[in-house]
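Start at 1 with the first residue, then count along the sequence. Computed from a prediction, not measured in an experiment: that's the story for all the values here.
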Amino acid sequence: MNRKPTTQAVLLTQKQVDQIRLLQEMERGRSEFGITPSIHEVARKLVDKALSGVAL
């Protein structure tokens, strides 16, 4: 059975990736155990936050 994928690839500029990595390091610093969220997790949270402010 063919199913549509539930995820999509998104292309980012190098500057955007660098800024996400900076946020990733900030999150590591806030963690008691030095746990770092993945780049994908940080990006998903940013997209969720941006989309929550958009009235559809």
(message) I need the full list of side-chain hydrogen bond (donor to acceptor under 3.5 Å, both in side chains) pairs touching residues 36-53, with sequence neighbours left out, sorted by first then second residue.
(response)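 For residues 36-53, and leaving out neighbouring residues, the side-chain hydrogen bond (donor to acceptor under 3.5 Å, both in side chains) pairs sorted by first residue read Arg28-Thr36.
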(message) Enumerate the side-chain hydrogen bond (donor to acceptor under 3.5 Å, both in side chains) contacts for residues 9-20, please, sequence neighbours excluded, ordered by first and then second residue.
(response)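 Output for this query lists Thr13-Gln16, Gln14-Asp18.
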(message) Going by the rule side-chain contact (heavy atoms from CB on, under 4.5 Å), which residues pair with Leu51 if we only count those two or more places apart in sequence or in a different chain?
(response)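 Residues passing side-chain contact (heavy atoms from CB on, under 4.5 Å) with Leu51: Val47.
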(message) Can you list everything that forms a side-chain contact (heavy atoms from CB on, under 4.5 Å) with Glu27? Sequence neighbours excluded, please.
(response) Arg30, Pro37
(message) For Arg21, give me all partners under salt bridge (Lys or Arg N to Asp or Glu O under 4.0 Å), at least two apart in sequence or on another chain.
(response)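 Per chain and number, Arg21 pairs via salt bridge (Lys or Arg N to Asp or Glu O under 4.0 Å) with no residue.
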(message) My understanding is that a hydrophobic cluster links ILVMFWY residues whose side chain heavy atoms are under 4.5 Å apart, including indirect links. Using that, what else belongs to the cluster containing Leu23?
(response)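 Members besides Leu23, by chain and number: Val10, Leu12, Val17, Ile20, Leu22, Met26, Ile39, Val42, Leu46.
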